[in-house]
Amino acid sequence: MLLNLSSSSCSVIKLPNSKSRTHFSKSPSSSSSFLSHSFNSPDLSFKNRHQIFWEKSRIPCRRSCDFRPWAFAGFDIGSAPSVLEATAVLTAIIVVHESGHFLAACLQGIHVSKFAIGFGPILAKFNKNNVEYSIRAFPLGGFVGFPDNDPESDIPADDENLLKNRPILDRVIVISAGVVANIIFAYLIILIQVSSVGLPVQEPFPGVLVPEVLTLSAASRDGLLPGDVILAVNADELPKLASKAVSELVEAIKRSPNRTVLLKVERGKQYLEIGVTPDKSFDGTGRIGVQLSPNVKISKVVAKNFLEAFSYSKREFLGLSYKVLDSLKQTFLNFSQSASKVSGPVAIIAVGAEVARSNIDGLYQFAAVLNINLAVINLLPLPALDGGSLALILIEAARGGRKLPLELEQQIMSSGIMLVVLLGLFLIIKDTLNLEFIKDLL
């Protein structure tokens, strides 16, 4: 399994505007497994923890919450409880995926020899019903092992219940079951959220909110205060679309290092014009040292009955799935720019911990997005992924049931697994070095 989180999202229902004004937003805001994570947002030269809601939807109007900004300034794991929550989410997703393979095999009477979470040296294990269950050293995913080509297995090579001896359809079911399990799990997570804590409801207001101003920053020096709402930049009104308003404000600041930018500001019931001179950052762009957020009021809506719950869940699931597919498409189309920003399990846990600290409800959407990502990417026809195994079976079917030479199959899969493990170790080291407390130590 391979996981890519190019653009995570969480849903928000949008309500019509009202006459009331400024609101602070509190938004979230074998068969082998490998997890990766990709952040593709540029550095905004601000304190990069602003909370952004965007994207259209039908519930009746959903916006998506981008988790990527939380990783800009270096991953900051934060408090232990949030780390444990994020780790639990990631582990549950891996277990669900591997359980899909495992159950699909067992229910068909196919021999299974191993069920592992992680790769590499075994940290803990136990045996039950001739299956070895283990936790391993490298948290890159997990795998379900079959005794088909195990020289130590006492099962005859011609046993009809070995996976390799089963009909093509049986093997396809086993290999695709992990993806199916993650899709079902994602839908159930959304259904639980809709039925219990509810979906966030967004009521938009004009401008961009400034929840926080850094001390000794350009914004603090020139008179911006927490709670201010920026309505216009250099006499140009900011657009009504929340994400676009934040982006335009950011770009205006970045383009103006050491040059005064005139901001129209709403403070309580007063309207002010404040000139702010952005400091010049190391990359030559302007920065003023504020946290930015769309000016929205967030509440929750809970489904009133089963029909409403299933309706909301379906729309939410389809919306998130579209977002994941679009993000994956953009990642491949712009791979030269995005490749250097691919990160591993440490990054996923860092972002998940930030989501948990910001709003525990965000973990529902975080878990749903990870599940959908995992399902989509694992269908790619790459060695060591489920899609790679499915591709080999389809080649066999196209050859009239004649399999590729065993040595060739093993070389393809083993080389793929080796590349995945090496890439995973590289990402773990890279992400660890990006953690704030590690940077402080260095």
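Donor-acceptor pairing under 3.5 Å is lacking for the side chains of T215 and S220. Checked by atom type, the side-chain pair H97/N371 shows no donor-acceptor distance below 3.5 Å. For Q193 and E316, the side-chain atoms include no donor-acceptor pair closer than 3.5 Å.
Interatomic distance, NZ of K254 versus OG of S247, reported as 10.0 Å (0.5 Å rounding). A distance of 9.5 Å separates CG of N305 from OG of S311, quoted to the nearest 0.5 Å. The CG atom of L262 sits 10.5 Å away from atom CG of D236, with the distance rounded to the nearest 0.5 Å. The structure places CG of L214 at 7.5 Å from CZ of R287, a figure rounded to the nearest 0.5 Å. To the nearest 0.5 angstrom, R259 atom CZ is 10.5 Å from T277 atom OG1. From L263, atom CG reaches atom CD1 of I230 across 5.0 Å, with rounding to the nearest 0.5 Å.
Every side chain to side chain donor-acceptor pair (under 3.5 Å) that D279 has, sequence neighbours left out, goes to R221. By the side chain to side chain donor-acceptor pair (under 3.5 Å) test, S196 is found to be paired with no residue, residues two or more places apart in sequence or in another chain being considered. R267 meets the side chain to side chain donor-acceptor pair (under 3.5 Å) test with D228; sequence neighbours excluded. With sequence neighbours excluded, the residues forming a salt bridge (charged side-chain N to carboxylate O under 4.0 Å, His left out) with K125 are E132, listed by chain and number. When the salt bridge (charged side-chain N to carboxylate O under 4.0 Å, His left out) test is applied to K300, the partners found at least two apart in sequence or on another chain are D361. For E308, the side chain to side chain donor-acceptor pair (under 3.5 Å) criterion is met by no residue, not counting sequence neighbours.
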Steps toward side-chain contact (heavy atoms from CB on, under 4.5 Å) verdict (D386, V179): CA-CA 8 Å; D386 296 340; V179 169; 4.1 Å; yes
Run N295 and V208 through side-chain contact (heavy atoms from CB on, under 4.5 Å) and show every step you take. CA-CA 5 Å; N295 187 23; V208 174; over 6 Å; no
If you apply the rule side-chain contact (heavy atoms from CB on, under 4.5 Å), what do you find for Y312 with I190, and how did you get there? CA-CA 9 Å; Y312 283 8; I190 296 169; over 6 Å; no
Pair L292, L209 - check side-chain contact (heavy atoms from CB on, under 4.5 Å), show working. CA-CA 6 Å; L292 298 177; L209 180 66; over 6 Å; no
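Remark: the backbone N or O of A104 is paired with a side-chain donor or acceptor of Q108 at under 3.5 angstrom. With hydrogens and angles disregarded, a donor-acceptor distance shorter than 3.5 Å links the side chain of H101 to the backbone of V174. The backbone N or O of Y322 lies less than 3.5 Å from no partner atom in the side chain of D326, so there is not a single donor-acceptor pair.
Of all the heavy atoms in S195 and A309, the pair that sits closest is OG-CB, 3.6 Å. Of all the heavy atoms in V290 and A219, the pair that sits closest is CG1-CB, 3.3 Å. Between V112 and A105 the shortest heavy-atom distance is CG2-CB, 3.6 Å. When every heavy atom of L231 is checked against every heavy atom of P206, the shortest pair comes out as CD2-O, 3.9 Å. Residues P257 and G284 approach most closely at CG-O, 3.4 Å, considering heavy atoms.
Side-chain contact between I184 and L188: present, with at least one pair of heavy atoms (C-beta onward) separated by less than 4.5 Å. Looking at heavy atoms from C-beta onward, P294 lies in side-chain contact with V246 at the 4.5 angstrom threshold.
By the 30° and 60° cut-offs, the orientation of the rings of F102 relative to F115 is perpendicular. In this structure, Y187 and F310 have parallel ring planes: the angle between them is below the 30° cut-off, well short of the 60° mark.
Counting heavy-atom neighbours within 6.0 Å of I135 CD1, excluding the residue itself, gives a total of 12 or less.
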